[in-house]
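Remarks on the structure that follows.
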Amino acid sequence: MSDGRFSFPACVIAGKRRLDVDDLMMLRKHAFSDGIRTEDDACLLLAIHRACASSCPQWDSYVVESIAAYAVHRQHPRGWLDATNAEWLIATLSVDAIVTTPLELEIILHALDMAASAPDRLYAFALEQMFIGLQPNSRNAYALSRPSRNPGMDLADLHYLWRVLRSACEGGRILMSAIERDVLRAIDALAQPGEHHHGWNDLVSTLQLRAPAGNGGDRGRWLKASDEALLEKTTGAACQAA
């Protein structure tokens with residue numbers, strides 16, 4: 001892979017107009033008979049996926065399950081994500097701190113679902129993708145998968161939020177890091193209270209997140225994406241076949 005060329009069967013599959021079940025079976029039989037076991041395997045699978053215009057649901061599920069399982073169960077420590085593994089996921093699945101496709105965002109969410117625990121930074125990163133996607137003209141992964149273009153938080157946004165914060169709920173309380181609270185405050189400031197779903201307003205009130213009027217907060221402490229990148233769909237891939 002060091003010369004940038006795919007070996008068999010990746011060379012047969014990569015660049016196809018659409019990846020189907022037959023392609024998936026071929027790859028599982030000849031390339032990944034033991035699953036995704038190394039970082040090179042994960043990068044190769046992503047490179048094949050990115051080289052094709054479209055794919056069947058079975059293929060998409062395989063990519064999400066395989067790479068999330070590799071991050072959580074193949075890398076050390078097994079069963080949970082440490083800072084190193086979390087940064088690997090972020091670097092592999094984002095460009096300039098922005099995830100550009102819904103499938104790659106789903107890999108991060110699925111890894112969080114699978115892991116017994118993960119660093120605060122990875123949860124905050126998943127929330128940052130929602131913050132970016134809620135902004136006008138955004139084309140990141142969250143914006144592309146969002147059903148509406150409402151300026152405020154709607155029911156679908158709340159479902160995403162609770163998926164990310166699921167592990168923060170303990171004994172009827174919501175335990176969040178300071179960086180997660182900062183992201184939620186920034187999300188709240190994107191729209192007026194009347195434009196948000198009442199469930200969001202209830203949460204903001206419960207957590208006492210809403211800043212006094214006129215206080216925009218300090219986004220620079222947590223958001224890693226540049227202002228220019230927020231409004232563009234960045235092309236390219238952080239993880240390429242070596």
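- A donor-acceptor pair is defined here as one N or O able to donate and one able to accept, closer than 3.5 Å; such a pair exists between the side chain of T206 and the backbone of D202.
- With contacts defined as side-chain heavy-atom distances shorter than 4.5 Å, the pair I67/H110 does not qualify.
- In this structure, E180 has no salt bridge (Lys or Arg N to Asp or Glu O under 4.0 Å) partners at least two apart in sequence or on a different chain.
- Annotation: side chain of W80 is not in contact with side chain of V72 (no heavy-atom distance under 4.5 Å).
- Aromatic ring centres of Y160 and Y142: separated by under 6.0 Å.
- Annotation: salt bridge (charged side-chain N to carboxylate O under 4.0 Å, His left out) contacts involving residues 60-74, sequence neighbours excluded, are absent.
- Put simply, the side chain of V183 reaches to within 4.5 Å of the side chain of I187, judged on heavy atoms.
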**Message:** Under the criterion salt bridge (charged side-chain N to carboxylate O under 4.0 Å, His left out), I'd like the reasoning laid out for R146 against D154: C-alpha separation, chi angles, the key distance, then a yes or no.
**Reply:** CA-CA 10 Å; R146 191 172 184 240; D154 60 21; 3.8 Å; yes
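- No side-chain donor-acceptor contact under 3.5 Å links H76 to the backbone of R78.
- Ring geometry, Y70 versus W88: the interplanar angle exceeds 60°, so the pair is classed perpendicular (tilted spans 30 to 60°).
- L161 is listed as a side-chain neighbour of L184, based on a closest heavy-atom distance under 4.5 Å.
- With sequence neighbours left out, the salt bridge (Lys or Arg N to Asp or Glu O under 4.0 Å) criterion links D41 to no other residue.
- A donor-acceptor pair under 3.5 Å is absent between the side-chain atoms of N150 and the main chain of G152, judged by distance alone.
- For the residue pair T38 and D40, no side-chain donor N or O sits within less than 3.5 Å of a side-chain acceptor on the partner.
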